[in-house]
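Read the structure below first, then the notes.
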There are 2 protein chains.
Amino acid sequence: MPPSAAPRPAKRSEPRERLLATASGLFYAEGIGSVGVNRIVSQSGVTLATFYRHFPGKEDLVVAYLRGVHDVVEQRASVLREEHRGADLVRAIGEEVASETGRPGFRGCAFINAASEFEDADSPVRRVVAEHRRWYYKLVRRAFDEAGHGYPGNAARHFLMLRDGAMTAGYLDGPVIARRTFGRGIDGLLRSIGLEPAVPHEDVED
Amino acid sequence: MPPSAAPRPAKRSEPRERLLATASGLFYAEGIGSVGVNRIVSQSGVTLATFYRHFPGKEDLVVAYLRGVHDVVEQRASVLREEHRGADLVRAIGEEVASETGRPGFRGCAFINAASEFEDADSPVRRVVAEHRRWYYKLVRRAFDEAGHGYPGNAARHFLMLRDGAMTAGYLDGPVIARRTFGRGIDGLLRSIGLEPAVPHEDVED
DNA sequence: TACCCAAGAGAGAACGATCGCTCTTGACTT
DNA sequence: AAGTCAAGAGCGATCGTTCTCTCTTGGGTA
């Protein structure tokens, strides 16, 4: 999921915020290992000393970056929970995923990408990733539960697997294929318990 | 690395092979950007000059690494194609995916991980990734076609999305969840056209 | 058989660049 | 007086890459 990297045109912002915003954009767009501290610092209009005054080290910046992405997703989810209920909420979350894959600059899930660069499952970065995934699972599971699904755990796991695949496909196969395939998958998941009307479908090349 | 240097293999293989084998192991286990040429070289018992005598640069080594992984998958697929037909072949490919996620040291899909480190879709590395994914799509699509699926393209896309998700889940959520969820998803995909008998299922926590 | 020589490999120095990070200094706020 | 910031020098390490030099090997020729 891409961070909502809204460029701060404001003349005056806290150095920490600018550092985090710059780092988030670069980390997501180019990968974490490919982006050096010096580049983040200079692109933020901040000095190296200032960076190390706000962050103990680069890893903490990475953790802050992922926490920021999580906060955006969580915020968005809470809005969706207010606007939708039951199966409609599941559909809304799915629509959120689908539209994410179509955003310009989309490069897949920030957490999955980050995890691929950190082999140690006990590292702070991987912990944040695991936390986020657990949170997401619970969110979807609760939605299926409230939708009256008999097996909300299974359904949520199924949903998450499709989501992870959709995020990957959105990056590597294109948003059109990702949206179409993901949409069909979610429809099928809801239809399997009578939560979605059956619709005609046609096969497509590529 | 501590001086516990691995004893030189009695039978000395070609330097190129050793370089590729070492690099493949390190690239997959730790990520491509995290592994330097010097480490690959010294761990291969080969000198820097020898490396650059066989590979124009690191990127070519990465391409060779991914091509090697592809060759293994392709080889395995051709065996499966000989042993299974129709829906059985689909199931066999699915079983292959599931068992992959359970292998010790499993860190997700080598191609997806590599792609996350290379932002330029036109780079040689990304091209190999795209090639592999196209090949895989055609493999599965043909299997569904021969299984008598009315919409083999849709089914193959669905399968691939579940596969990508399963590879991610196998790494980040554990092989047990990945196998179970993926298995259910594939079963549902086959059952939806009467290729799989309906079976009872129960919900699980986590 | 004796010789030569090109090719391949080992060993390692060294290139400029960048890595994450520490430190100092001086100007400007509280 | 204390704290934050810009500016920037500099740390040791590593990055990918190029280089020289020596040793071994195998094959062709005499």
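Throughout, protein chains are lettered first and strands after them, A, B, ... in sequence-line order, and every chain is numbered starting at 1.
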### Message
Measuring to OP1 and OP2 of D/dA6, would you say a side-chain N or O of A/Thr50 lies under 4.0 angstrom away?
### Response
yes

### Distance test, side-chain N/O of A/His54 to OP1/OP2 of D/dT4, below 4.0 Å
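Looking at the OP1 and OP2 atoms of D/dT4, neither is under 4.0 Å from any side-chain N or O of A/His54.
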
### Message
Run the salt bridge (charged side-chain N to carboxylate O under 4.0 Å, His left out) test against A/Glu96 and tell me which residues pass, sequence neighbours left out.
### Response
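Residues passing salt bridge (charged side-chain N to carboxylate O under 4.0 Å, His left out) with A/Glu96: A/Arg76.
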
Under 3.5 Å, which donor-acceptor pairs link side chains of residues 39-49 of chain A to any protein atom two or more places apart or in another chain?
from: A/Arg39; atom 1: NH2; to: A/Glu30; atom 2: OE1; distance (Å): 2.6
from: A/Arg39; atom 1: NH2; to: A/Glu30; atom 2: OE2; distance (Å): 2.6
from: A/Ser42; atom 1: OG; to: A/Asn38; atom 2: O; distance (Å): 3.3
from: A/Ser42; atom 1: OG; to: A/Arg39; atom 2: O; distance (Å): 3.3
from: A/Ser44; atom 1: OG; to: A/Thr22; atom 2: OG1; distance (Å): 2.9
from: A/Ser44; atom 1: OG; to: A/Ile40; atom 2: O; distance (Å): 2.7
from: A/Thr47; atom 1: OG1; to: A/Thr50; atom 2: OG1; distance (Å): 3.1

### Message
Just to verify, what does A/Phe55 make a ring-ring contact (aromatic ring centres under 6.0 Å, His included) with, not counting sequence neighbours?
### Response
A/Phe51

Produce the list of close N/O pairs, under 3.5 Å, pairing protein atoms with atoms of nucleotides 20-26 of chain C; give distances to one decimal.
from: C/dG20; atom 1: OP1; to: A/Lys58; atom 2: NZ; distance (Å): 2.7
from: C/dG20; atom 1: OP2; to: A/Val37; atom 2: N; distance (Å): 2.6
from: C/dC21; atom 1: OP2; to: A/Tyr52; atom 2: OH; distance (Å): 3.1
from: C/dC21; atom 1: OP2; to: A/Lys58; atom 2: N; distance (Å): 2.9
from: C/dC21; atom 1: O5'; to: A/Tyr52; atom 2: OH; distance (Å): 3.2

### Query
Checking B/Asp88 side chain against B/Arg85 main chain: does a donor-acceptor pair fall under 3.5 Å?
no

#### Entry: Sub-4.5 Å side-chain heavy-atom contact between A/Lys58 and A/Ile32
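SC-SC contact between A/Lys58 and A/Ile32 confirmed.
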
Using atom [atom1] of [X] as one end and atom [atom2] of [N] as the other, report the distance to the nearest whole Å.
X	N	atom1	atom2	value
B/Glu14	C/dG10	CD	C1'	15 Å
A/Phe55	D/dC5	CZ	C1'	16 Å
B/Leu19	C/dG8	CG	P	15 Å
A/Glu30	C/dC19	CD	P	11 Å

### Query
How would you list all residue pairs meeting side-chain hydrogen bond (donor to acceptor under 3.5 Å, both in side chains) that involve residues 161-179 of chain B, not counting sequence neighbours?
A/Arg126-B/Tyr171, A/Arg133-B/Asp173, B/Glu95-B/Arg179, B/Arg107-B/Tyr171, B/Arg133-B/Asp164

#### Entry: Under the side chain to side chain contact (heavy atoms under 4.5 Å, CB included) test, residues paired with B/Ser78 that sit two or more places apart
B/Gln75

### Query
For B/Glu83, what residues pass the side chain to side chain contact (heavy atoms under 4.5 Å, CB included) criterion, not counting sequence neighbours?
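Listed in chain order: B/Val79, B/Leu80.
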
Show the atom names and distances, to 0.1 Å, of all donor-acceptor pairs under 3.5 Å that link a side chain in residues 62-70 of chain B to residues at least two apart or in another chain.
from: B/His70; atom 1: ND1; to: B/His132; atom 2: ND1; distance (Å): 2.9

### Task
Report the end-to-end axis angle of the helix from C/dT1-D/dA30 to C/dT30-D/dA1; each axis comes from five terminal pairs, and the value is rounded to 10°.
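The angle separating the two end axes equals 0°.
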
### Query
Going by the salt bridge (charged side-chain N to carboxylate O under 4.0 Å, His left out) test, which pairs reach into residues 41-57 of chain A, not counting sequence neighbours?
none

### Query
What salt bridge (charged side-chain N to carboxylate O under 4.0 Å, His left out) pairs are there with at least one residue in residues 108-123 of chain A, not counting sequence neighbours?
none

### Query
Which of residues 115-124 of chain B have a heavy atom under 4.0 Å from DNA chain C?
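Hits under 4.0 Å, by residue number: none.
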
